[in-house]
Amino acid sequence: MAAFPLRLGMVQGPRISWILAAVILTLAGSCLPLGQRAWAAPLLVLDSANQPIPGLYQRVLTKPGAQLMATAGDPDGRLVPNFSVYYVHERQERDDGEWLYLGPDRLRPPTAWMRADQTVPWNHLMSLTFNMNPDRAPVLFFEDKPSLEAMTFPDDRAQRAETLIQAYQASGAPPDSGLFFVEPRPVVDFNSSFYLMPVLNAQELRLRGVRRGQRLNMVEVAGLADPDTPPQAPTPEREPFRAGMVFVIDTTKSMQPYIDRAHQVVKDILSQVTNTEAGKRMSFGLVGYRDSLRDNPAIEYVAKTFYPLKREFDQTAFLSALGNMKAATASTTDFREDTMAGVQEALSQGNWRDFDARIVVVITDAPMRQGRNDALRSNDLDPATLARDQSSEVNTTAFFSFYLDTPAGRAHVDAARGSLGKLSTFGESQTNLMFELPDGDLEAYTNQIRLFNAKLFNLMDDAQGTQLNATPATPGEEAMVHGMDEVMRVMRLAWARRNSGEPVPKFFRAMALDFDPTDRSYRRSVEINVLLNKNQLNDLYQALGFIAEASADQIDNNTDSFITKVREVVAQAQSDPSNLDSLDPSASSVAAMRPEEIENLSDVLASYVGYLPYESPLLSLDPASLRNRGPTFYSDLILRLDGLRAMYKHYAEDLDRWVKLNPEASDAEKVYPVPLDLLP
């Protein structure tokens, strides 16, 4: 296959569109009345033994030019939008090839027929998004699997990949390399516009030198490519780069000196930038948090918004709110505070999508409450899981933490470092955004907050340009400046993507790696998402709840068979569905689960999870591996499961991210992009 010259900016001749597999779903239109006929439920996918897999339906993705016909064999029909998703209800072989009887909705009748060669199978609804780390190598796409393997498996793959990238960018794909094209920059921002880059197949790889548990995949994607160079559309006027930052401040009794200093420092900084361009493009919010009111109502609140994050920032009102923020006069139950309540309050601000840089700053002198065994926590958010989700392509939110290591809290330093460190780990680079102030030094704290705000404004000035250069650092400032540079570089790249226009491409298939082969640590180049509907998300939420409940009982009673306890938990839920913990009670499917047929944990999880191309830590836990496990194992398992369930609850409530893959489907067919790494 001939190589396609790729345009980086403006290059003459044929090219592959940078939207690549990304068709922005501007699906529109409505069904025309087509023939009526009796219908059956969609066909199920068959396993290797030709047995149907419960819950995994046959689905297809339409290619450009696909038409729906009233009956099989019709010569003409109605065009449908590219990359529309349909369920397959029936297959029919004819002299002119295979035909499919399709419907947009699992619970509604199929609508019409389509030639099978106008579709591509897409059963698992997996999709890719590009990692926004600007320092990674561009992704290489190959025509076929052997060509990709020829670059992947040799020990000198890093050099091979770099040579291919340089050759392609100079004069196109080298002859006989099998290289289809190389990812250009910038790309469409998944955070602001849902795009579809379907994964048709995926295979987990085993490479020498890769640590155990690090998942690397080879993927086949569907995409669209331009046949010719279209007329260049006018470049739209760029929206200015905007930053939103919410301070989440511990307002328990010990924090008053730090609250006072924060007020003074922020006031000074804002007064200096009030009329600057950077200052006009920044907004701030303010949240205070304390602890549970259960044992001590005198502390007044768990979490409270003092000033909401909004596009139109009122400096006077914000400073007034900060001045009114006071530490509690009553002491809390113990030294731990409900930090995640404050974080959740910050993330619930309704205007985050108005901003390109999204920053949460946590200031505290105490470790956070977390885990099921802490009865005073207000939510089940796990800091590591939340950071993984919020720094993904969907959200790109960074959590900076300033931890005041005071003498009074010296016994809790390790707990605080662990939880705040997990929360403040950003993106694929795993950049550490937690900063510790020994002895709770008030002057050092003042200098850190002043430096943080000043550097942020400097970076805002840089971000409006075409390059974001590293900010010079003085000794002792390197960690903070590096962290801010990394965060703003990623967020500026997303902003640049939003301001680039791309033409509509044609259908193609290509092979790629989901990691950077030039990086010795194998950091991700792309992220695999599974597009789950609300029923599927609810299934996972319930299943993890059953396993977590059985784990809690195992800690208390240490039974011989963990699987037996799981069966009992499921049976109890079925006997009294009113007590079942669901994301949506109307979507409950627990009644379909047969407790007596549960032999391992894979029988509790939805069937499609077991057929996804990843190694599930949970599915690997068979009865033998669960025997004789101690309380620490089950405590860690509960923490992980509760963190995942908290994320699934957030997904269910994140209404803006639910999309239809077919405009003719009902709302029940809306899907949400769940990162593969955040499945159980």
Side-chain angles (χ1 to χ4, degrees), residues 1-7 13-32 34 58-70 72-88 96-104 111-123 125-129 141 143-144 180-181 183-184 187-188 190 193-201 219-233 501-512 531 659-665 671:
M1 183 175 184
F4 286 76
L6 182 69
R7 174 157 61 181
R15 73 185 185 104
I16 296 294
S17 167
W18 168 220
I19 298 183
L20 149 15
V23 174
I24 307 304
L25 293 182
T26 55
L27 301 177
S30 60
C31 275
L32 298 176
L34 296 167
Q58 294 185 28
R59 283 171 284 195
V60 294
L61 197 67
T62 61
K63 298 178 181 179
Q67 298 183 63
L68 286 174
M69 315 293 186
D74 282 356
D76 293 300
R78 177 171 62 86
L79 285 171
V80 298
N82 300 336
F83 280 12
S84 294
V85 178
Y86 286 92
Y87 288 90
V88 179
D96 57 350
E98 185 181 20
W99 286 74
L100 309 177
Y101 193 37
L102 304 178
T111 56
W113 291 85
M114 183 177 290
R115 295 178 61 97
D117 60 8
Q118 294 183 345
T119 70
V120 60
W122 196 39
N123 299 318
L125 264 64
M126 293 187 299
S127 181
L128 290 190
T129 55
F141 291 85
E143 297 175 6
D144 51 39
F180 188 44
F181 69 102
E183 170 203 356
V187 297
V188 177
F190 189 67
S193 297
F194 177 86
Y195 63 80
L196 190 60
M197 188 186 303
V199 176
L200 305 180
N201 294 291
V219 297
E220 180 185 18
V221 299
L224 300 174
D226 294 332
D228 297 295
T229 302
Q232 185 69 16
E502 291 293 338
V504 178
K506 279 189 174 181
F507 183 84
F508 68 85
R509 299 170 78 142
M511 301 293 300
L531 305 178
V659 297
K660 287 184 185 180
L661 301 179
N662 189 315
E664 301 163 1
V671 294

Looking only at heavy atoms, which two atoms of [X] and [Y] are closest? And how far apart?
X    : Y    : value
A112 : M69  : CB-O, 3.1 Å
S84  : N662 : CB-ND2, 4.1 Å
M114 : L68  : CE-CD2, 3.6 Å
N82  : P64  : OD1-CA, 3.1 Å

- Test side chain to side chain contact (heavy atoms under 4.5 Å, CB included) applied to A512 - qualifying residues, sequence neighbours left out: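 Testing A512 for side chain to side chain contact (heavy atoms under 4.5 Å, CB included), a comparison that skips the adjacent residues, returns V139, F141, V219.
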- Looking at residues at least two apart in the chain, or sitting in another chain, which of them share a side chain to side chain contact (heavy atoms under 4.5 Å, CB included) with A72? Q92, R94, W99, W113
- Message: So if I apply the side-chain contact (heavy atoms from CB on, under 4.5 Å) rule between L125 and each of V199, V671, L61, which one comes out positive?
- Response: V671
- Message: I'd like to check T62 versus Q118 (side-chain heavy atoms, cut-off strictly below 4.5 Å). Are they in contact?
- Response: no
- Heavy-atom side-chain contact between V88 and L102 under 4.5 Å: yes
How many angstroms lie between atom [atom1] of [X] and atom [atom2] of [Y], to the nearest 0.5 angstrom?
X    : Y    : atom1 : atom2 : answer
Y87  : N123 : OH    : CG    : 11.0 Å
F180 : E143 : CZ    : CD    : 7.0 Å
L661 : L531 : CG    : CG    : 6.0 Å

- Message: The criterion is side chain to side chain donor-acceptor pair (under 3.5 Å); which residues satisfy it with R115, sequence neighbours excluded?
- Response: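 D117.
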- Partners meeting salt bridge (Lys or Arg N to Asp or Glu O under 4.0 Å) with D144 (sequence neighbours left out): none
- Item | Residue list, salt bridge (Lys or Arg N to Asp or Glu O under 4.0 Å) with R509, at least two apart or on another chain | E220
